[in-house]
J.: 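Questions regarding the structure given below will be posed in turn.
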Amino acid sequence: QVQLVESGGGLVQAGGSLRLSCAASGRTFSSYAMSWFRRAPGKEREFVAGIRWSVGSTYYADSVKGRFTISRDNAKNTVDLQMNSLKPEDTAVYYCAAGPVSGIIQSKLYGYWGQGTQVTVSS
């Protein structure tokens with residue numbers, strides 16, 4: 001079973017930055033996508049950013065494009081999310097997900113999830 005552990009969440013002022021990290025262990029496949037989703041209070045979980053591990057193709061939600069960057073670290077087997085120019089609307093629990101998915105933005109297609117890390121952006 002794949003295990004995912006997120007870290008790096010916290011409280012920041014609007015305009016600030018945070019870097020989230022997702023460490024993967026267990027049985028993984030090069031065909032996996034690894035992505036970040038978030039769930040804000042009163043809203044359903046939404047796609048934030050994703051990467052196809054084997055080729056490094058990246059995908060971003062329109063709401064974060066230009067502000068967030070997803071990257072992989074092969075040596076550490078981690079996927080990071082650099083979040084810049086944070087807005088109060090970015091406040092949410094952020095989850096790392098992994099799986100052999102065909103549609104990278106569809107949360108229901110992912111088989112493995114981390115426990116989440118809280119990101120709070122104050123105005």
Side-chain angles (χ1 to χ4, degrees):
Q1 184 178 6
V2 175
Q3 294 179 313
L4 305 173
V5 180
E6 304 99 332
S7 62
L11 283 71
V12 297
Q13 297 272 54
S17 298
L18 283 174
R19 188 175 184 88
L20 306 183
S21 182
C22 175
S25 62
R27 184 73 167 118
T28 60
F29 301 90
S30 62
S31 61
Y32 273 24
M34 294 189 68
S35 297
W36 291 93
F37 292 80
R38 67 186 181 188
R39 184 167 59 209
K43 297 183 178 180
E44 63 184 10
R45 186 154 53 190
E46 65 174 348
F47 174 80
V48 177
I51 184 168
R52 292 199 176 276
W53 192 265
S54 61
V55 296
S57 302
T58 58
Y59 308 84
Y60 298 93
D62 289 341
S63 60
V64 307
K65 191 173 184 179
R67 300 187 297 121
F68 292 9
T69 303
I70 189 170
S71 62
R72 60 182 177 181
D73 187 329
N74 291 326
K76 296 183 177 181
N77 203 31
T78 61
V79 172
D80 295 340
L81 184 69
Q82 178 66 45
M83 305 186 295
N84 298 326
S85 302
L86 284 162
K87 305 174 181 179
E89 302 93 282
D90 296 317
T91 295
V93 177
Y94 284 70
Y95 299 89
C96 180
V101 302
S102 57
I104 199 166
I105 70 171
Q106 300 181 55
S107 63
K108 64 182 179 181
L109 299 181
Y110 288 78
Y112 302 98
W113 293 84
Q115 294 299 306
T117 185
Q118 177 71 47
V119 172
T120 302
V121 184
S122 63
S123 59

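What's counted below: heavy atoms across the whole structure, side chains too, no hydrogens, waters or symmetry copies.
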J.: Check whether any side-chain heavy atom of Ser122 lies under 4.5 Å from a side-chain heavy atom of Leu11, and answer yes or no.
T.: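 A side-chain contact is absent here, since even the closest heavy-atom pair is not under 4.5 Å.
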
J.: Could you tell me whether the side chain of Tyr110 and the main chain of Ala33 form a donor-acceptor pair under 3.5 Å?
T.: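 No.
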
J.: Within the side chain of Gln115, is there an N or O that forms a donor-acceptor pair under 3.5 Å with the backbone of Val5?
T.: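 Side chain of Gln115 to backbone of Val5, a donor-acceptor pair under 3.5 Å: no, none is there.
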
J.: Is there a side-chain contact between Ile105 and Glu46, using heavy atoms and a 4.5 Å cut-off?
T.: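 No, too far: nothing below the 4.5 Å cut-off.
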
J.: Within this structure, what is the CZ-CZ distance for the pair Phe47 and Arg45, rounded to the nearest 0.5 Å?
T.: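 Nearest 0.5 Å value for the CZ-CZ distance: 13.0 Å.
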
J.: Looking at Ser21 and Asp80, would you say the former's side chain and the latter's main chain have a donor-acceptor pair under 3.5 Å?
T.: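 No.
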
J.: Within a strict 4.5 Å, meaning less than it, do heavy atoms of the Arg38 and Val119 side chains meet?
T.: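 The answer is no; the side chains never approach within 4.5 Å.
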
J.: Evaluate the ring planes of Phe37 and Trp113, with Trp represented by its six-membered ring, and classify them as parallel (under 30°), tilted (30 to 60°) or perpendicular (over 60°).
T.: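 Plane angle between 30° and 60°, so tilted.
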
J.: How long is the gap from CG on Leu18 to CG on Asp90, to the nearest 0.5 Å?
T.: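 Spacing of CG (Leu18) from CG (Asp90) equals 10.0 Å.
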
J.: When rounded to the nearest 0.5 angstrom, what distance separates OG in Ser17 from CZ in Phe68?
T.: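 It is 9.5 Å, given to the nearest 0.5 Å.
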
J.: Just wondering, do Val48 and Met83 contact through their side chains at under 4.5 Å, heavy atoms?
T.: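 Side-chain contact under 4.5 Å: no.
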
J.: Is the shortest side-chain heavy-atom distance between Tyr95 and Leu4 below 4.5 Å?
T.: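 Side chain of Tyr95 against side chain of Leu4, heavy atoms only: no contact under 4.5 Å found.
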
J.: Kindly compute the distance separating CE (Met34) from CG (Leu81), expressed to the nearest 0.5 Å.
T.: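 Rounded to the nearest 0.5 Å, the CE-CG separation comes to 12.0 Å.
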
J.: Can any side-chain N or O of Asp73 pair as donor or acceptor with the backbone N or O of Thr78 at less than 3.5 Å?
T.: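 No, because the side chain of Asp73 does not come within donor-acceptor range (under 3.5 Å) of the backbone of Thr78.
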
J.: Nearest 0.5 Å please: distance from the OG atom of Ser63 over to the CD atom of Glu89.
T.: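 The CD atom of Glu89 is 9.5 Å from OG of Ser63, to the nearest 0.5 Å.
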
J.: Any side-chain heavy atom of Leu20 within less than 4.5 Å of one from Glu6?
T.: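 Not in contact.
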
J.: In Å, rounded to the nearest 0.5 Å, how long is the span from NZ of Lys76 to SG of Cys22?
T.: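 Reported to 0.5 Å precision, the distance equals 14.0 Å.
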
J.: Hey, is the main chain of Ser57 close enough, under 3.5 Å, to the side chain of Arg52 for a donor-acceptor pair?
T.: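 No: the side chain of Arg52 does not pair with the backbone of Ser57.
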
J.: Go through it in stages, so that I can follow the logic: the residues are Asn84 and Gln82, the test is side-chain hydrogen bond (donor to acceptor under 3.5 Å, both in side chains), and I'd like the CA-CA distance, side-chain angles, deciding distance and then a yes or no.
T.: CA-CA 6 Å; Asn84 298 326; Gln82 178 66 45; 2.9 Å; yes

